[in-house]
Engineer: 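Before I ask anything, here is the structure I am working with.
Just so we're on the same page: letters track the sequence lines, and every chain starts at 1.
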Amino acid sequence: MASEVNTGFLNDKKLDSIAADILRPVGITQGFIVWMGFLGISLLACIYAYYLQWDKGLIVTGLRDYTSWGMYIANFVFFVATSLVGMLISSVLGLIGFKWVKPIARIAEIIAVAFAAIAGLVIVSDMGRPERLPYVFLYGRIQSPIIWDVTVVTTYLVISALLYFLPLIPDLAISKGRMGHTPKWLQKTYEVLSVNWIHTPQQYKILLKAVRIMLILIIPTAFAIHTVTSWLFAVTLRPGWDSSIFGPYFLTGAFVAGSAAVVIVMYFVRTNYKLDKYLTLHHFDMMGKLLVLVSIVYLYFNINEYLVPGFKMKTAEAIHLKELFVGDYAMMFWSVQLLGLIIPIILLLFKVFRKPLSMLVISIIMLIAAWFKRFIIVVPTQDHPFLPKQHVPDAWMVYHPTIVESAITIGTIILAVIIITILVKFFPVIPIWEVAEEQHETDSKTKE
Amino acid sequence: MIKRYFSLLLIVLISLRLSAQVWVVPAENELRKSPFAFDDASRKAGSEIYNASCKSCHGEPGKNNPIPLVPPPPDFASVKMQSNSDGALQFKVTAGRGPMPSFKNTLSATDVWRVISYARSFNDKYVQEVSKSSEAGGASVQNVKIQISWLKDKNQVQASLSAMKDKVNQPVAGAEVKLFAKRYFGNLLIDEARTTDALGNALFNFPADLPGDSAGHVQLIARLTNEAIFGEAKADSVLIIGVPTYRPPLNEQRAMWNVVSKTPIWLLLAYTIAVLGAWGFIIYVFLQIRAIFLAGSKKDPDSAE
């Protein structure tokens with residue numbers, strides 16, 4: 001993001017066509033109603049599942065004494081991980097000065113907001129007595145990583161929301177006069193949210209400063225959020241969790257999941273909204289390269305995480321690793337590593353696969369694998385406590401997620417998709433003013 | 001050759017282990033009997049002692065739920081326990097062995113008999129034989145009173161024994177007294193057993209370095225050894241004669257595992273600074289949004305659009 005804005009683009013004719021392109025899909029359309037109806041009805045079923053859990057408690061899940069962190073916590077880690085991409089794309093790549101991230105940055109921020117917001121809910125889904133949630137704040141201990149996690153997730157959510165909202169302000173102002181086709185309430189919302197924006201240089205100056213502060217602040221916060229999430233595991237002595245590289249391991253894994261999510265949203269925005277002029281093949285190509293980069297880094301951490309203890313095979317560690325490599329979890333483990341990392345890396349090295357459709361397929365598989373990867377990290381460790389499992393009913397020995405539990409988990413994913421849909425549908429999904437400014441600048445440069 | 005040597009060694013070791021498992025009771029102890037007949041009162045007193053001092057290891061009688069020690073503490077209702085004679089039980093509880101502590105200093109002889117009386121209530125076939133020498137009547141000197149005092153100049157503790165005789169309070173001479181200091185686990189014998197002089201006083205040398213509580217309090221217990229003659233007299237008093245010792249409770253200091261008010265300072269600082277820092281910037285940015293709003297309302301909006 002430049003430190004100064006050349007407001008010349010405002011008088012450029014191009015602004016009109018760009019705004020028209022990007023604002024065309026905004027508003028309530030038939031496709032939107034059908035899609036939201038589908039999501040809403042599916043969500044109702046999941047809410048009923050949650051009602052069962054609210055009524056009966058966690059007994060309706062597969063969670064018992066030994067595996068007390070199951071699907072829900074795996075899902076939580078997945079949500080936090082996916083939300084980190086906001087920081088990677090708008091902040092790290094943006095601050096370094098990569099121009100191609102500009103049209104994607106808002107999509108990344110939308111994913112960050114949606115997933116960070118629901119991550120908190122996912123934690124509540126793991127509580128048997130959710131009405132005691134305030135106790136966390138009333139009686140929480142600063143010494144507990146759980147409190148650090150709550151703190152940092154909240155902070156990250158606010159910063160991500162600001163990073164979504166701040167660059168949106170000029171767009172809201174630009175859009176105000178061009179929204180004839182949308183409902184009144186939406187126009188009113190734009191009016192309020194655009195906070196008196198009139199494109200003065202002074203306003204741009206304030207805005208750029210605010211954005212820059214948030215872009216810098218989100219880096220340590222994002223590092224903190226996922227490192228602390230990893231510490232929830234790594235501060236224990238349990239095989240599979242007792243690892244000093246868990247922080248960077250989680251962080252790099254997060255970028256893989258998040259980048260895949262961005263590609264998926266990019267694809268649907270591009271095809272449904274006919275925005276191929278803005279989300280070009282070049283963008284997909286670059287995202288493909290980014291995916292390869294983050295996947296290779298994550299693969300490197302995976303090799304460290306599994307090879308080093310696998311070489312030593314300490315007693316307790318060996319039981320855990322055998323379970324993953326050749327035991328009950330071998331199918332899941334190797335599928336996740338192959339389908340979620342190794343094969344995508346190989347494919348995406350070739351330009352032919354860095355095309356929108358093939359990248360969509362690869363990204364969906366990677367995102368699903370990313371979810372199961374969190375399951376592999378969270379659950380198998382608890383199957384092997386240090387003390388033998390004795391004197392408990394058979395059903396407690398091994399963790400089997402129930403349908404209720406799965407429905408609630410799917411519900412959280414639907415909620416995130418609903419948030420993404422609403423943000424993508426009701427607000428400009430591509431930063432109009434940034435794209436216009438960029439074009440204005442390249443145009444004036446070529447003219448000279 | 002080596003093989004034979006090892007098998008010999010093995011046999012020796014095994015037989016050593018076997019013999020270690022038999023708890024030999026001296027013949028005279030084996031035959032010893034309680035000086036009083038077991039009755040409801042003694043069983044009740046015994047059950048209280050059992051709950052306070054034995055249950056933690058031996059478990060609830062009849063439930064066979066001792067803690068897993070090696071060798072295991074036998075259940076009180078078990079055949080193993082009940083096949084002991086009264087005297088053997090009394091010897092084993094008094095002497096202790098391995099993980100089974102000696103109760104010599106902790107329980108009075110009478111209290112040991114009370115626990116045995118309680119133990120026998122789990123054995124229907126048990127028929128008590130009371131010691132012949134004491135069957136006629138209890139102690140020959142009754143209602144002995146013990147007073148403990150501190151002789152500062154001599155660094156000695158004095159136990160003074162007296163008893164009512166012919167309606168007059170008279171010193172008890174020739175009685176053997178033991179003095180104990182109460183510690184966390186059991187009683188510590190101070191000096192050695194002393195016999196009272198003609199004035200009924202027994203003097204004990206008191207160590208100068210015995211730790212007391214934070215104010216130097218030490219709880220002293222004086223007890224008579226020959227309960228058959230003098231009855232079960234006992235004195236319990238607290239004197240300020242120990243070295244004041246302050247042991248801070250483990251949860252007093254700041255620690256990661258302590259309550260929130262005992263958070264380690266470094267963590268408190270790091271957390272507070274991080275949270276205030278991040279939220280300081282966030283609030284600043286909210287103020288900037290306000291500034292944008294104000295900057296927009298100053299100018300005439302029509303001219304800009």
Engineer: Which atoms of Leu207(A) are under 4.5 Å from chain B, going by heavy atoms: the side chain, the backbone, both sets, or neither?
Structural biologist: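 Looking at Leu207(A), backbone and side chain both touch chain B.
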Engineer: Applying side-chain hydrogen bond (donor to acceptor under 3.5 Å, both in side chains) between Trp279(B) and each of Thr154(A), Thr151(A), Thr155(A), report the one that passes.
Structural biologist: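 So the option named by the test is Thr155(A).
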Engineer: Hey, is NZ on Lys389(A) packed in by over 12 heavy atoms from elsewhere, all under 6.0 Å?
Structural biologist: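 Enclosed: over 12 neighbouring heavy atoms sit under 6.0 Å from NZ of Lys389(A).
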Engineer: Measuring heavy-atom distances to chain A, does Phe281(B) have an atom under 4.5 Å in its side chain, in its backbone, in both, or in neither?
Structural biologist: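 Both parts, backbone and side chain.
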Engineer: Do Ile169(A) and Phe293(B) touch side chain to side chain, with heavy atoms closer than 4.5 Å?
Structural biologist: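 In short, these two side chains do not touch, never coming nearer than 4.5 Å.
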Engineer: Rounded to the nearest 0.5 Å, what's the gap from CG on Leu294(B) to CD1 on Ile206(A)? Could you check?
Structural biologist: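 It comes to 8.5 Å.
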Engineer: Does CG in Leu188(B) sit with more than 12 non-hydrogen atoms of other residues, nucleotides or ligands closer than 6.0 Å?
Structural biologist: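 Atom CG in Leu188(B) is packed in, count exceeds 12.
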Engineer: For a quick test of reading the model, state the closest non-hydrogen atom pair linking Gln202(A) to Ala295(B) and the distance between them.
Structural biologist: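 Closest approach of Gln202(A) to Ala295(B), heavy atoms only: OE1-CB, 3.7 Å.
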Engineer: Is there a side-chain contact (heavy atoms from CB on, under 4.5 Å) between Leu162(A) and Phe286(B)? Walk through the geometry before answering.
Structural biologist: CA-CA 9 Å; Leu162(A) 281 173; Phe286(B) 272 113; 4.1 Å; yes
Engineer: Of the listed residues (Ile292(B), Val275(B), Leu268(B), Val285(B)), which shares the most heavy-atom pairs with chain A below a 4.5 Å separation?
Structural biologist: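 Among Ile292(B), Val275(B), Leu268(B), Val285(B), the one with the most close pairs to chain A is Ile292(B).
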Engineer: I need the contact set between residues 246-261 of chain B and chain A: heavy-atom distance under 4.5 Å, sorted by residue number.
Structural biologist: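 Only Ala255(B), Met256(B), Trp257(B), Asn258(B), Val259(B), Val260(B) of residues 246-261 of chain B have a heavy atom under 4.5 Å from chain A.
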Engineer: Taking atom CD1 of Ile282(B) and atom CD1 of Ile159(A), what is their separation to the nearest 0.5 Å?
Structural biologist: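 Here the interatomic distance stands at 4.0 Å.
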Engineer: What part of Tyr139(A) gets closer than 4.5 Å to chain B, counting heavy atoms only: side chain, backbone, both or neither?
Structural biologist: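 Neither part.
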Engineer: To the nearest 0.5 Å, tell me how far Ile213(A) CD1 sits from Gln288(B) CD.
Structural biologist: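 Answer for the CD1-CD pair, Ile213(A) versus Gln288(B), is 6.5 Å.
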Engineer: Using 0.5 Å steps for rounding, measure from the CD1 atom of Ile289(B) to the CH2 atom of Trp197(A).
Structural biologist: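 Spacing of CD1 (Ile289(B)) from CH2 (Trp197(A)) equals 10.5 Å.
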Engineer: The criterion is ring pair (Phe, Tyr, Trp, His ring centres under 6.0 Å); which residues satisfy it with Phe246(A), sequence neighbours excluded?
Structural biologist: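 Counting only residues at least two positions away or on another chain, Phe246(A) forms a ring pair (Phe, Tyr, Trp, His ring centres under 6.0 Å) with Tyr249(A), Phe250(A).
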Engineer: As an exercise, state the distance from CZ of Arg141(A) to NZ of Lys262(B), rounded to the nearest 0.5 Å.
Structural biologist: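 Nearest 0.5 Å value for the CZ-NZ distance: 12.5 Å.
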Engineer: Picking from Val195(A), Ile198(A), Asn196(A), what satisfies side-chain contact (heavy atoms from CB on, under 4.5 Å) with Ser297(B)?
Structural biologist: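 Result: among Val195(A), Ile198(A), Asn196(A), Asn196(A) is the only option passing the side-chain contact (heavy atoms from CB on, under 4.5 Å) with Ser297(B).
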Engineer: Measuring from atom NZ of Lys209(A) to atom OH of Tyr284(B), what distance do you get when rounded to the nearest 0.5 angstrom?
Structural biologist: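 Answer for the NZ-OH pair, Lys209(A) versus Tyr284(B), is 3.0 Å.
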Engineer: Return yes when atom CZ of Arg290(B) has more than 12 non-hydrogen atoms of other residues, nucleotides or ligands closer than 6.0 Å, and no otherwise.
Structural biologist: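 Count not over threshold, so no.
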